Amino acid sequence: MIPCTICRKMVGAMDEWQTLNEAQREAVSYGEGPLLIFAGAGSGKTRVLTMRIAHLISARGVSPRRILAVTFTNKAANEMRERIEQLVGSAQVRQMWVGTFHAICARILRESGRPLGIDPEFVVFDEDDQLSVVKEVLKLLDIDEKRFAPRSILNFISRAKEKLIPPHLYTPVDYFTQIVGRVYPHYQERLEACHALDFDDLLMKTVQLFEQHPDVLERYQKRFLYVLVDEFQDVNQAQYRIVKHLSAMHRNLCVVGDDDQSIYSWRGADVGIILSFERDFPDAHVVKLEQNYRSTQPILDAAFHVVQKNARRAPKRLWSEKRDGLPITVTEVQHEREEAMVVAQHIALSVQQLGRKYGDFVVLYRTNAQSRTFEEVFLNYRIPYQIVGGVRFYQRKEVKDVLAYLRVIQSPSDDVSLLRIINVPTRGIGLQTVEVIRQLAAEQGISLWEAIEHPDLSNRLTMRAYSAVVAFRDLIRYLRTLREKSSVTDLLNEVLKRTDYLQRLGDTRDPEVQSRVENVRELLTATQQFDAGPEAERGLAGFLESVALVADVDSLQESSDRVTLMTVHAAKGLEFPVVFLVGMEEGLFPHIRAINDDPNVEEERRLCYVAITRAKERVHITHARLRSVFGTTSGMFESRFLHDIPEGLRLTWSPAELAHPLPAAQPAPQVAPRTQDAYRVGQRVRHHKFGEGVIMKCEPQTDDHLLTVVFPNAGIKQLLASIAKLEKLS
DNA sequence: AAGACCGATGTTTTT
DNA sequence: CATCGGTCTT
C-alpha cells in the first residue's frame, strides 16, 4: 500500500508510517464504516490506534472534538493522548474525548443526566461504599449477613446492572436471588438518596439516558463522527450498547481487541461480543495484526499451544521476526518459599553477573496472596521490588477517611461518607447517638446531614451527645465555607488540622502508624498535582471524580529500576524482558473455582496466554509440590497448561539450575561437578560472618573449589572452600 | 463512649 | 494467618 497523499501532510508522521507493516497500514488508513481490528499481543496495537486517530485529524481533516476514543484504564487513556499529541500537537488533542468507559459516562451524565433526575454533582461510590450500603439494607430487612454474604449479593446486583436489569424487572430464580431481589430496590434507593452512582450505574444510566431521551442521544451522535474502542474483548453488554448508540448515526465504529486476551468475564465482559461483531455489522472490515514485535518465536509458539485448545476463539497465530530464542523453562520446587528464593537468586545473579537490570524482571502470579512470600524473600535478599495491586491506595482506611471528609464537604447528602467520618477521629458521637440521628432522618425522609441540622434533634439527645453533634456540624459547616475559595490541597490541610487526624492516628513510633501518615501525605501530593494540573478549575468535584476512577495499574512506575510483582490480570498490556510465571499448579492456576466449568477454564487458559506473551526474551515457569494456603499445607500437581506446551519448546530445570542463570548464549545450563565434591550447587551453608547462604556456583581449582555464595544478609560472595569455613546446613 | 481483647471466619481476578 | 466483627472492661 502506498501512503496516500494526505498522509504526507502528517507532520513527523511519515517516518512512523514507513515502519508500519501492511496490515497495520490498512488499519490506520481504512476509511468509513465499521472496522474490526484483531490485534494480537505485542502487535503494535497502541501505535495503530494512535496513528489512526492522528491520520483522521491531520489527513482527513476531522476535528478532534468529533472523535471519541474509549480505553479500559486511565493509563491507556493518558498514553494515547500523549502519543497523539506527539503526532499532531497538543492544541488539537485538547478537545478530543479520550477516557475510560466510566470516565466518559460520568462526563455525559454530569452534562446531560438531568432528564433522568441525576444530580450533576453526584458522587461515585466505590466497592467499599457499595458494601456499606448493602450491609445497611440487610440490617433494615433483618437479613443475616452471615448467611447471605454482602459481597456476593453485591455481585448479583452488579451483574443485573451490567445486563441493564433495573430493580423492578429483576426476576429471582432461586432462594438466594430472591434475597437479592429484595435487597436490590432498597440498595438503589439508598444510592439515590445519597446522590450517588456506583460503577455500574455510570454505564446503565447512560444507556437509559440514550434510550429514554433520543434528543440527548442525537446530540452526542451528531457530535461523534468517529468512535474508537480499545480492548474491545473486555466490553460488557452495557458498554457495547453505549458505543453502538453513539456510533449509530455515522457508523464509523472502530473496535480493537484480541479475544485470546479476554480475562474479565467475571466482571461482565463478554468475549462473544467481539466474536460476533461481524454478525452485528455484516459490512465490517476486518484486519488481523498477527506480526508480533515483542517476543521471540518460541515464546509465541508456547503461548499459542496453550490458548489454541479453546473452542471459542477466532483463528489466528502470531509470528515474530525474532526466530531464535530460548525455550521456556519449567522448574519444580518443594514449596513456595523455595520458589521465591530461587527466583530471588536468579535475579540477584543475573544483575550481578549478566548485566541485567532489576527492572527487566517481572514475577506474575494468579492471586495477590502469593505476593507475600516474594516480598519477604526479596526483602531478605535486598532485591528492590514494587508491588502492583493488593490493597489499592485509594482503598486504604486512612485515605478513605480523609477523602470521606472531602466528599461530605462536596455533597453533604452522601450518607455513607458521613457515617464513615461522623466519629472519626472519635469525638463522642457513639452508636446510640448515630441511631437517633438515623431515626430522625428516616422519619422526615431527609439525609443524615439534614437531620443533624434539624431543630428537633436537640430534644432527642442528652446535652452531652448533642453538643458533640453540634461541634461536628459546625466543623463541616466551616469546612464547606472554604470549598469555593480554597484549592483542594488547602481544604485537605484544613481538614487534617481541624480534626487533628494525623496526631490521633496513634504513636508515631509504630511503623503501622507511620505508613498511614505517609499515605495521607501521599494523598496531599496527589491534591497538589491536581491543583497544578489542567483539571484544577473543576475544583473539589473534579478531584473526587479523578480519584474515584483510578486503578492501581495506573500508578506503575516504569522508570525506577525494580523488579515488578503483580497478578497476571494487572500485567495485561505490559511487557518485560524476563517473566517468572509462578505457582503453575492445578487449583491455583487454573484456579480451583474455575476448574469445573469449561468457559472458566477457557478464561484461565487465556490468562496463561496473557502471562506468557508478556515476555520479550525469557519465560521461567515454576510450580511447587507443597503450598500452604492460609495455614494448611497441601500437595499440588503441576498445571494442566504445562502439558499443552510441546516438549521442544520447554525445558525442565532443577531449582539450582534456575537459581544459577548462565549467559543467554548457552542454552543448556552446565551443572557444577558433583562427584566427590563436598559442596554442590544449591547447598545451604552458614558463614561465621555473612550468615546463612546458598551456593550458586562451584568451580574446581587446583586442590580447591571456588564457591559463589549468595547471602541474603551480605550479598553475593566468592569464597575458596579451603579458606572459608562453611558449615553445611540440611 | 472508647478501647482492649478474643474468637470466629473467610480469602480470584478489579474498571 | 490476619483481618474483621463482636464482646467485655474501663
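Letters A, B, ... are given to chains in the order of the sequence lines, protein chains preceding strands, and every chain is numbered from 1. In this text the structure is predicted, and so the values were computed from the model without any measurement. Both backbone and side-chain heavy atoms feed into the values below; hydrogens, waters and symmetry mates do not.
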Touch check for A:Glu603, heavy atoms < 4.0 angstrom, all strands: base, sugar-phosphate only, or nothing?
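Contact class for A:Glu603: none.
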
May I have the distance from [X] (atom [atom1]) to [N] (atom [atom2]), rounded to whole angstrom?
{"X": "A:Arg366", "N": "B:dT11", "atom1": "CZ", "atom2": "P", "answer": "15 Å"}
{"X": "A:Glu602", "N": "B:dT13", "atom1": "CD", "atom2": "P", "answer": "22 Å"}
{"X": "A:Tyr240", "N": "B:dT15", "atom1": "OH", "atom2": "C1'", "answer": "21 Å"}
{"X": "A:Asp128", "N": "B:dT14", "atom1": "CG", "atom2": "C1'", "answer": "13 Å"}
{"X": "A:Asp234", "N": "B:dT13", "atom1": "CG", "atom2": "C1'", "answer": "12 Å"}
{"X": "A:Asn236", "N": "B:dT13", "atom1": "CG", "atom2": "C1'", "answer": "16 Å"}
{"X": "A:Arg151", "N": "B:dT12", "atom1": "CZ", "atom2": "P", "answer": "9 Å"}
{"X": "A:Gln370", "N": "B:dT11", "atom1": "CD", "atom2": "C1'", "answer": "12 Å"}

Nearest-nucleotide pick for [X], side chain only, options being [options]:
{"X": "A:Asn368", "options": "B:dT14, B:dT12, C:dG5", "result": "B:dT14"}
{"X": "A:Phe199", "options": "C:dC4, C:dG5, B:dT15", "result": "B:dT15"}
{"X": "A:Gln432", "options": "B:dA1, B:dT15, B:dT14", "result": "B:dA1"}

Look at the side chain of A:Arg267 and the base of B:dT13, then say whether one donor and one acceptor between them are separated by less than 3.5 Å.
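Between B:dT13 and A:Arg267, which were checked side chain against base, a qualifying N/O pair under 3.5 Å is absent.
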
Less than 3.5 Å between a donor and an acceptor, one on the side chain of A:His569 and one on the base of B:dT14, is that the case here?
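A donor-acceptor contact between them is absent.
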
Would you list the protein and nucleotides 2-4 of chain B atom pairs, both N or O, that sit under 3.5 Å from each other?
{"unit_1": "B:dA2", "atom_1": "OP1", "unit_2": "A:Gly428", "atom_2": "N", "d": "2.7"}
{"unit_1": "B:dA2", "atom_1": "OP2", "unit_2": "A:Asn423", "atom_2": "ND2", "d": "2.9"}

Within the supplied structure, the quantity of interest is the number of heavy atoms (other residues, nucleotides, ligands) at a distance under 6.0 Å from A:Gln432 CD; does it exceed 12?
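12 or below, so no.
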
More than 12 heavy atoms of other residues, nucleotides or ligands under 6.0 Å from CZ of A:Arg151: yes or no?
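Check fails, neighbour count at 12 or below.
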
Taking 4.0 Å as the cut-off, does a side-chain nitrogen or oxygen of [X] come that near to OP1 or OP2 on [N]?
{"X": "A:Lys572", "N": "B:dT13", "answer": "no"}
{"X": "A:Ser628", "N": "C:dC1", "answer": "no"}
{"X": "A:Thr567", "N": "B:dT12", "answer": "no"}

[X] and [Y]: side chain donor to acceptor below 3.5 Å:
{"X": "A:Lys135", "Y": "A:Gln130", "answer": "no"}
{"X": "A:Tyr385", "Y": "A:Glu375", "answer": "yes"}
{"X": "A:Arg83", "Y": "A:Thr50", "answer": "no"}

Report yes or no: is the cationic atom of A:Arg606 (NZ for Lys, CZ for Arg) under 6.0 Å from the centre of the six-membered ring of A:Tyr609, at an angle within 45° of the ring normal?
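Cation-pi check for A:Arg606 and A:Tyr609: fails.
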
Could you pick out which residue, A:Ala465 or A:Tyr264, lies toward the 5' side of DNA chain B when each is mapped onto its nearest nucleotide?
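It is A:Ala465, whose closest nucleotide lies nearer the 5' terminus.
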
Which residue lies toward the 5' end of DNA chain B, A:Arg464 or A:Thr71, if each is placed at its nearest nucleotide?
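Residue closer to the 5' terminus by nearest nucleotide: A:Arg464.
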
Sole residue of A:Val70, A:Thr71, A:Leu202 in side chain to side chain contact (heavy atoms under 4.5 Å, CB included) with A:Thr100
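Of all the options given, the one that passes is A:Thr71.
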
Can you tell me, in whole Å, how much space there is between the P of B:dT11 and that of C:dG6?
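B:dT11 and C:dG6 have their P atoms separated by 16 Å.
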
Given the P atoms of B:dT13 and C:dC4, what is the spacing between them in whole Å?
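The same atom, P, in both gives a distance of 15 Å.
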
Show, in sequence, the C-alpha distance, side-chain angles and deciding distance for A:Glu231 and A:Gln233, and conclude whether the side-chain hydrogen bond (donor to acceptor under 3.5 Å, both in side chains) test is met.
CA-CA 5 Å; A:Glu231 306 281 12; A:Gln233 75 282 349; 2.9 Å; yes

